[in-house]
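What follows is a set of notes on a single structure, which appears directly below.
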Number of protein chains: 2
Amino acid sequence: MTQTATKNRILDAAETLIARDGYAATSLRAITMEAEANVAAIHYHFGSKQALLEALFDRRVGSVNDERLRRLDEAEQEGDRVPPLEEVLRIFLEPALCRLGSEDPGWTRFTQLMGRIQSESGEHVQAIHHVFSRIRERFVAALHRSLPDLSAADIAWRMHFLIGSMCFLMSDPCRLSVMTEGRCDASDPEQALTQLVAFMRGGFASPAASLETEPHS
Amino acid sequence: MTQTATKNRILDAAETLIARDGYAATSLRAITMEAEANVAAIHYHFGSKQALLEALFDRRVGSVNDERLRRLDEAEQEGDRVPPLEEVLRIFLEPALCRLGSEDPGWTRFTQLMGRIQSESGEHVQAIHHVFSRIRERFVAALHRSLPDLSAADIAWRMHFLIGSMCFLMSDPCRLSVMTEGRCDASDPEQALTQLVAFMRGGFASPAASLETEPHS
DNA sequence: GTCTATAGACTGATAGAC
DNA sequence: GTCTATCAGTCTATAGAC
């Protein structure tokens, strides 16, 4: 399988650079230098810069999201069980966060990439978002069952806050380490998961501050 | 003061485009087209693309952060008072979020820009971050006084989650609206502030899930 | 203070040899 | 499947007329 060695080197290099600098700031030339390849090889294997980004996701995102769905299915036992809030949060977060501190540097890179891309805009990112929509729907539903007193709108807001915090954490684990002078290490999955689950449990369980004009539907 | 009309048009155009597309994806040419100016004018008034970004912040960020500090000073009454958690959260969030729904479209643009830039990386963003460090320190201290049972590390983690959610919300208010088919409107400051404060109050007040190996310092 | 013109490097993408 | 060479276009930045 040495035939695809270049292809994999390109994928690895693109993962590294886009995770670090973002999509727009990463040029194909920078990727080829990192991969010790050339621009023609990228276009041969992928066709375009955007298709390369999609290939990056195809290679790894299924593994993360399948694990989330499988564990949620297990926890729900075909609808017979309503898993408690903390369990749903952990099932959503752990498959992503545990890879952030993986021994495989490829997974570390990809997890950062996932976080960074979510914060970007433009057409290239819209082509990616669809792979998360099914995940989103399932977990919004599960969270709503765990928190029946909240309105659908409340759940949507809080899911948004959860994703924001998670992506901010994943996209650059160094940011927190630098700001705390090393006391907090976002690339330690155990620390990150413990802290994020504890915080989000409190946030989701917080009483709804409904606006007076908006009764539950 | 018609002498600076071009300069202001450039600032407005840059604000709009960088807020929407990010720094790297926004070219000076795109800015000149939006501003009905030319690249030479940008270099005359600002010197470089990065200096233009810094000028964007200089124009507005002081107003937001001064309001935060002034209100926090008031609430603390020169150290005689420990404002409760919710008050600190509101003082931090309101000056930013209320501008997201401002009648002045300039403030809407700038608030989005603030959220987006925080999620980016690269040298251009490091030149900006220093304007937030003082704010960060003051509010971390205030939060810690409101929550004396948490360790400094816990506060740092939770401040990170707060900033992540806030920036995710500000950087693209449409994201949430689209995903909820209009039921949640992130550009409505009252909704956004109510939801974010309610969530963060629960998150910060959540019992610390200290790792067994890490006693409080 | 604003413009045109242009420098010099880089962009994504392609053609065609091997 | 990988390469060199090159396309047409864009990038930031600058020089110099007005």
Side-chain angles (χ1 to χ4, degrees), chain A residues 1-59 113 117 120-128, chain B residues 1-59 113 117 120-128:
Chain A
M1 201 62 77
T2 51
Q3 294 174 335
T4 56
T6 299
K7 188 172 180 176
N8 281 326
R9 281 207 318 281
I10 292 169
L11 285 167
D12 290 345
E15 209 165 49
T16 303
L17 296 178
I18 298 177
R20 194 189 63 192
D21 301 328
Y23 178 81
T26 303
S27 70
L28 295 185
R29 289 184 106 89
I31 294 169
T32 58
M33 288 177 70
E34 175 86 12
E36 299 184 74
N38 56 77
V39 277
I42 292 184
H43 281 92
Y44 171 77
H45 286 292
F46 305 101
S48 72
K49 188 185 180 184
Q50 169 147 345
L52 169 59
L53 181 69
E54 291 172 36
L56 242 39
F57 272 79
D58 286 342
R59 184 168 66 152
L113 175 65
I117 287 293
E120 295 191 359
S121 57
E123 297 173 22
H124 65 278
V125 70
Q126 288 182 319
I128 297 299
Chain B
M1 199 62 76
T2 51
Q3 293 173 335
T4 56
T6 300
K7 189 173 180 176
N8 281 326
R9 281 207 317 279
I10 291 169
L11 285 167
D12 290 346
E15 210 165 48
T16 304
L17 296 179
I18 298 178
R20 195 190 61 193
D21 301 329
Y23 179 81
T26 303
S27 70
L28 295 184
R29 289 183 108 86
I31 294 170
T32 59
M33 288 176 69
E34 176 85 12
E36 298 185 74
N38 56 78
V39 277
I42 293 185
H43 281 91
Y44 171 77
H45 286 291
F46 305 101
S48 71
K49 187 185 180 183
Q50 170 149 343
L52 169 57
L53 181 68
E54 291 172 37
L56 241 39
F57 272 78
D58 285 342
R59 183 167 66 154
L113 176 65
I117 286 293
E120 294 190 0
S121 58
E123 297 172 23
H124 65 277
V125 70
Q126 288 181 319
I128 297 299

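To find a chain, count down the sequence lines: A is the first, B the second, and so on, and within it residues start at 1. Keep in mind it's a predicted model, so treat the numbers as computed, not measured.
A/Thr26 comes within 4.0 angstrom of the backbone, heavy atoms only, and of no base.
Where A/Ala40 and A/Ala30 meet DNA chain C, the nucleotide closest to each residue was compared, and A/Ala30 sits on the side nearer the 5' end.
Nucleotide C/dG12 holds its P atom 15 Å from the CD atom of A/Glu123, rounded to whole Å. One interatomic measurement links the two molecules: CZ of A/Phe46 to P of D/dG1, which rounds to 12 Å at whole-angstrom precision. Distance, A/Asn38 CG to C/dA13 C1': 13 Å, rounded to whole Å. Rounding to whole angstrom units, OH of residue A/Tyr23 and P of C/dG12 are separated by 8 Å. Atom-to-atom, CG of B/Leu28 to C1' of D/dC11 comes out at 8 Å; the value is rounded to the nearest Å. Spacing between atom NZ of A/Lys49 and atom P of C/dT11 amounts to 9 Å, rounded to whole angstrom units. One can place CD1 of A/Ile10 at 14 Å from P of C/dG12, the figure rounded to the nearest angstrom. Summarising the geometry, the separation between CD on A/Gln50 and C1' on C/dT11 is reported as 16 Å, rounded to the nearest angstrom.
Under the 4.5 Å side-chain criterion, counting only non-hydrogen atoms from C-beta, A/Tyr23 is in contact with A/Leu53. A/Lys7 places a side-chain heavy atom less than 4.5 Å from the side chain of A/Phe46.
If you check D/dT12, D/dA13, C/dA13 against the side chain of B/Arg29, the one that comes closest is D/dT12. Which of D/dA13, C/dC3, C/dA13 sits closest to the side chain of B/Ala41 comes down to C/dC3. Closest contact between the side chain of B/Val39 and the listed nucleotides C/dA13, D/dT14, D/dC3 involves D/dT14. Side-chain proximity of B/Tyr44 to the nucleotides C/dT2, D/dC3, D/dA13 is greatest for C/dT2.
Between B/Thr6 and the phosphate of C/dT2, there is a side-chain N or O to OP1/OP2 separation shorter than 4.0 Å. For the OP1/OP2 pair of D/dT10 and a distance below 4.0 Å, the side-chain nitrogens and oxygens of B/Ser27 include no atom meeting the criterion. Within the 4.0 Å cut-off from OP1 or OP2 of C/dA13, at least one side-chain nitrogen or oxygen of A/His43 is found.
For the pair B/Gln50 and B/Ala127, the tightest heavy-atom approach, listed with the atom from each and the gap, is NE2-CB, 3.3 Å.
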Scan the side chains in residues 33-44 of chain B for donor-acceptor partners under 3.5 Å anywhere in the protein, sequence neighbours excluded, and list what turns up.
unit_1  : atom_1 : unit_2  : atom_2 : d
B/Asn38 : OD1    : B/Ala40 : N      : 3.2
B/Asn38 : OD1    : B/Ala41 : N      : 3.2
B/His43 : ND1    : B/Val39 : O      : 3.3

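Remark: the backbone N or O of A/His124 is not paired with any side-chain donor or acceptor of A/Lys49 at under 3.5 angstrom.
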